Number of protein chains: 2
Amino acid sequence: MRAVCLLSGGMDSTTLAYTAAEMGYEILALHLTYGQRTEEKERACAEKIAGLLGAEEFCKVDVGYFSQFGASALVDPSIPVKDFREEQDGVPKTYVPFRNGNLLAMAVSYAESRDADAVFIGVQSSDFSGYPDCRPEFIEAFQRAVDLGTAREKPITLMTPFVRMNKTEILRKGLALDVPYEHTWSCYQNSDAACGVCESCHFRLEAFRALGIEDPIPYVERA
Amino acid sequence: MRAVCLLSGGMDSTTLAYTAAEMGYEILALHLTYGQRTEEKERACAEKIAGLLGAEEFCKVDVGYFSQFGASALVDPSIPVKDFREEQDGVPKTYVPFRNGNLLAMAVSYAESRDADAVFIGVQSSDFSGYPDCRPEFIEAFQRAVDLGTAREKPITLMTPFVRMNKTEILRKGLALDVPYEHTWSCYQNSDAACGVCESCHFRLEAFRALGIEDPIPYVERA
């Protein structure tokens, strides 16, 4: 069995890749860079993890077109990254329109090209409120499009083991799998010491605190 | 009303853009280059057409990752482009796995970023036999994924006016709209004079012949 794993280098996708490996899949790591501020750091983490897992391939794809389309703080430097203490009404500013639609489409192309059986994506339930393309109904609809739109005889299955889990549950699973979280990166803002206050840092730290464990990555000292 | 039009520079997508304009849409032209042999020629045609239509934007996106994935004569120079006289069993060698899934995902991201109401894609019935991601069922399934995976209040509608038409019918429609076919390109092989024998040239010439009209682009002289 062989699976394309979308591996950003963050804690969720890293836990995902370890989960796929535990299930017996050979890993084809697909790392997408879309002009986010912390691109280089995330790539280094993803490549390290792929190496540790003995991945068959590490495929890095530049999807800079998200920057061309704009409309997200992740790719447009003129939009400030949200401090988690700001209002969280509606769709987050870090929303990239239909990002998971694009990620899945690419992963499916890659999977079909390499005769892989599955695509793993780390969507998870705590994303539902803000990101419409993280919902299970979206994944189910996309699976139907994949079934109809690919030529492979056997299906390419979209695997979303975390879709009904929150970040704390994912972390608990990852610790059981000995995931080396020191080689993961989540901060949207910084690449050396994590800022600790962006949305991504906030939820990461919350998960570690919930399990009473210290996050092994460095954080900026706060006054 | 505003629509993203996938505009390759070929006769179908050009007729498509003219159709969208006739329906009253402002055009956002999305031109994708994926490392095909005739990339520059196609871009020049697409840009000319966008200009003639007064498009709001011409967005060129490099989707070179198809080459990274390989597995198609369109992007892999080691696979010969098929002569139309060769056997046509099964999926054509020019098949790029899940290409339309990728194209639609990008177009939807672009549409949502620009608050566009529709995405036009020139899939058509004569592609069905070989390309699974040209079938109406695929488009319908993808529409469902778009409805669930985007945050825009009003839907983004996938428009496939040619999905039940063949190339001759598309050409007839285009001639009625005064589409300038001299500024379109279809050949998979050459950029100066069309080869006349690749699959794409074959179907193009067949459509012109069926209507008793001469194709205005140059072709290689054959002995």
Side-chain angles (χ1 to χ4, degrees), chain A residues 4 28 30 32 34 57 59-72 75-76 90-92 95-115 130-152 156, chain B residues 4 28 30 32 34 57 59-72 75-76 90-92 95-115 130-152 156:
Chain A
V4 170
L28 299 164
L30 179 57
L32 305 181
Y34 43 97
E57 289 182 18
C59 183
K60 173 178 169 263
V61 171
D62 178 359
V63 289
Y65 64 89
F66 283 129
S67 318
Q68 282 178 262
F69 301 159
S72 165
V75 296
D76 183 348
V91 173
Y95 174 65
V96 176
F98 208 56
R99 178 166 59 166
N100 285 343
N102 284 263
L103 268 49
L104 285 171
M106 275 171 222
V108 167
S109 286
Y110 185 30
E112 190 173 344
S113 298
R114 294 291 186 278
D115 199 27
Y131 298 97
D133 57 353
C134 289
R135 293 183 294 168
E137 309 91 275
F138 166 71
I139 300 292
E140 285 159 26
F142 207 93
Q143 177 72 65
R144 173 92 181 129
V146 172
D147 292 344
L148 289 166
T150 51
R152 190 172 186 262
I156 297 170
Chain B
V4 170
L28 299 164
L30 178 57
L32 305 181
Y34 43 98
E57 290 183 16
C59 183
K60 173 178 169 262
V61 171
D62 177 0
V63 289
Y65 63 90
F66 283 129
S67 316
Q68 283 179 261
F69 301 159
S72 165
V75 296
D76 182 348
V91 173
Y95 174 65
V96 175
F98 209 56
R99 177 165 61 166
N100 285 342
N102 284 264
L103 268 50
L104 286 172
M106 275 172 219
V108 167
S109 286
Y110 185 30
E112 190 173 345
S113 298
R114 294 290 186 280
D115 198 28
Y131 300 97
D133 56 354
C134 289
R135 294 183 294 169
E137 309 91 274
F138 167 71
I139 300 293
E140 285 160 25
F142 207 93
Q143 177 71 65
R144 173 93 182 131
V146 172
D147 292 343
L148 289 166
T150 50
R152 191 171 187 262
I156 296 169

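All of these numbers come straight from a predicted model, not from anything done at the bench. Throughout, protein chains are lettered first and strands after them, A, B, ... in sequence-line order, and every chain is numbered starting at 1.
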What is the minimum heavy-atom distance between A:P132 and B:A151, and which atoms define it?
CG-N, 3.7 Å
Most contact-rich option vs chain B, by heavy-atom pairs under 4.5 angstrom, among A:V63, A:D62, A:T150, is A:T150
Smallest separation among heavy atoms of A:F69 and B:M106, with atom names
CE1-O, 3.4 Å
Considering all heavy atoms, the nearest A:K60-B:Q68 contact:
O-NE2, 2.9 Å
Nearest non-hydrogen partners of B:L148 and A:A141, listed with the distance:
CD1-CB, 3.9 Å
Mind checking side-chain contact (heavy atoms from CB on, under 4.5 Å) for B:E57 and listing every partner two or more places apart, or none if nothing turns up?
B:L28, B:Y110, B:R114
Which residues share a side-chain contact (heavy atoms from CB on, under 4.5 Å) with A:A107, sequence neighbours left out:
A:V4, A:L6, A:L30, A:V119
To the nearest 0.5 Å, what is the distance between CD on B:E112 and CZ on A:R99?
12.5 Å
Heavy-atom closest pair (B:F98 atom, A:G149 atom, distance to 0.1 Å) is CD1-O, 3.5 Å
For the residue pair B:F66 and A:S109, what are the closest heavy atoms and their distance?
CE2-OG, 3.9 Å
Heavy atoms only, distances under 4.5 angstrom: which of B:I156, B:L104, B:V146, B:N100 has the most pairs with chain A? Name it, please.
B:V146
